Colleague: 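Take this structure first; my questions come after.
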Amino acid sequence: MVSIEILRQIPCFHDLELGALNAIAQVGAMRTLSKDAYLFRTGDKAEALYILVSGQLLVSRDDAKGKRLHLASITPGICLGEMGLSQGAPRSADVSAKIDSVLVCFYRSAFEELVREQPVFALTLLADLSKKLHEANHRLENRVSLSVKERLWEALNKLAHAGCISPPPKVTHLAAQIDATREMTSKALNQLVREKKVEKESLACWRIFRS
């Protein structure tokens with residue numbers, strides 16, 4: 001069982017009435033994940049839907065040559081695993097904890113019960129899925145219309161807080177985010193440094209100069 005207080009921390013449940021929250025709380029479960037532990041791996045059977053409450057998760061997989069690709073970072077409030085669960089498909093990537101993390105889980109029987117008995121739960125998931133599809137379309141449009149340097153600049157601006165990115169991301173992680181090779185991303189980053197848009201102040205911080 002999940003507490004109402006935990007559910008209220010999750011953005012997609014903010015506007016739900018108490019009755020709906022109670023129903024969701026009754027069938028949810030809590031799960032903790034230690035740093036570097038895997039939530040699931042590529043090919044695993046989809047057994048649950050997860051919502052990250054605290055911590056950070058990494059989505060990754062190996063490419064055809066066995067090279068590790070960082071696909072995304074999961075931050076609190078984000079739902080994951082719903083596609084595999086609803087379609088009965090195996091997991092398409094690895095998900096592990098970057099730091100100690102806490103999740104709310106809805107296993108298959110609970111998920112099916114909520115979709116059947118609580119239409120508002122299904123609508124909440126549809127809204128979350130629609131947001132993900134919109135973001136995926138945005139990335140696709142950017143890949144077609146923007147250069148690697150432009151996509152990298154956009155990604156860096158999203159990562160920057162008060163003009164600083166700390167700790168700086170690995171180039172391989174940035175490359176996965178902007179759908180480019182490591183070499184192309186490294187070249188684009190060096191161009192931004194030469195243009196004085198990015199300054200590598202130290203190993204712990206990159207300074208971003210927005211125009």
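This chain uses plain numbering: 1 for the first residue, then up along the sequence. Source: prediction; values computed, not measured.
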Colleague: Would you mind listing every salt bridge (charged side-chain N to carboxylate O under 4.0 Å, His left out) that reaches into residues 87-98, with sequence neighbours excluded?
Modeller: R68-D94
Colleague: Please check this pair: side chain of S147 against backbone of E150, looking for a donor-acceptor N/O pair closer than 3.5 Å.
Modeller: yes
Colleague: Is a side-chain donor or acceptor of R108 paired with a backbone partner of A46 at a separation under 3.5 angstrom?
Modeller: yes
Colleague: Measure the shortest side-chain to side-chain distance between K45 and P90 over non-hydrogen atoms and say whether it is less than 4.5 angstrom.
Modeller: no
Colleague: Where is the tightest heavy-atom contact between S166 and A204, given as atom of each residue plus distance?
Modeller: OG-O, 2.7 Å
Colleague: Give me the atom names and distance for the closest heavy-atom approach of A97 to L33.
Modeller: CB-CD2, 3.8 Å
Colleague: Using 0.5 Å steps for rounding, measure from the OG atom of S3 to the CE atom of M30.
Modeller: 7.0 Å
Colleague: Hey, which of L39, L52, L58 is the one that makes side chain to side chain contact (heavy atoms under 4.5 Å, CB included) with I74?
Modeller: L52
Colleague: Which donor-acceptor pairs under 3.5 Å do the side chains of residues 181-196 make with protein atoms, sequence neighbours left out?
Modeller:
residue, atom, partner, partner atom, Å
T181, OG1, M184, N, 3.0
T185, OG1, T181, O, 2.8
N190, ND2, S186, O, 3.3
E195, OE1, K149, NZ, 3.4
E195, OE2, K149, NZ, 2.7

Colleague: List for me each residue that meets side-chain contact (heavy atoms from CB on, under 4.5 Å) alongside P168, sequence neighbours excluded, and say none if there are none.
Modeller: W206
Colleague: Tell me every residue that passes ring-ring contact (aromatic ring centres under 6.0 Å, His included) with F106, counting only those two or more places apart in sequence or in another chain.
Modeller: F121
Colleague: Roughly how far, to the nearest 0.5 Å, is CG of L174 from NZ of K170?
Modeller: 11.5 Å
Colleague: Within a radius of less than 6.0 Å around CZ of R207, do more than 12 heavy atoms belonging to other residues, nucleotides or ligands occur?
Modeller: yes
Colleague: Taking salt bridge (charged side-chain N to carboxylate O under 4.0 Å, His left out) as the cut-off, I'd like each qualifying pair that reaches into residues 33-44, sequence neighbours left out, listed once.
Modeller: none
Colleague: Does any non-hydrogen side-chain atom of L80 lie less than 4.5 Å from one of L57?
Modeller: yes
Colleague: Can you name the closest pair of heavy atoms from W153 and F209 and give their distance?
Modeller: CH2-O, 3.4 Å
Colleague: Test of understanding: with side-chain contact (heavy atoms from CB on, under 4.5 Å), list the residues that count as partners of S54, not counting sequence neighbours.
Modeller: V102
Colleague: Quick one: are V53 and I6 in side-chain contact, heavy atoms under 4.5 Å?
Modeller: yes
Colleague: Excluding sequence neighbours, so at least two apart, what forms side chain to side chain donor-acceptor pair (under 3.5 Å) with R31?
Modeller: none
Colleague: Please answer: with hydrophobic residues joined when any side-chain heavy atoms are less than 4.5 Å apart, are I10 and Y107 in the same cluster?
Modeller: no
Colleague: How would you list, by chain and number, every residue that makes a side chain to side chain donor-acceptor pair (under 3.5 Å) with N157, sequence neighbours excluded?
Modeller: R210
Colleague: Rounded to the nearest 0.5 Å, what's the gap from CG on L156 to CZ on R151? Could you check?
Modeller: 12.5 Å
Colleague: V2 and A29: which non-hydrogen atoms are nearest, and at how many Å?
Modeller: CG2-N, 3.5 Å
Colleague: If the condition is side-chain contact (heavy atoms from CB on, under 4.5 Å), which residues does T75 pass it with, not counting sequence neighbours?
Modeller: I78
Colleague: For G55 and S101, work out which heavy atoms get closest and say how close.
Modeller: CA-OG, 3.5 Å
Colleague: Please report the interatomic distance SG(C105) to CD(E47), rounded to the nearest 0.5 Å.
Modeller: 11.0 Å
Colleague: Using side-chain contact (heavy atoms from CB on, under 4.5 Å) as the criterion, list what pairs up with A25, not counting sequence neighbours.
Modeller: I4, L7
Colleague: Less than 4.5 Å apart, any side-chain heavy atom of I208 and any of C164?
Modeller: no
Colleague: To the closest 0.5 Å, what do you measure between OG (S73) and CD (Q56)?
Modeller: 4.5 Å
Colleague: Measure the spacing between CG of L103 and OG1 of T32 and express it to the nearest 0.5 Å.
Modeller: 9.0 Å
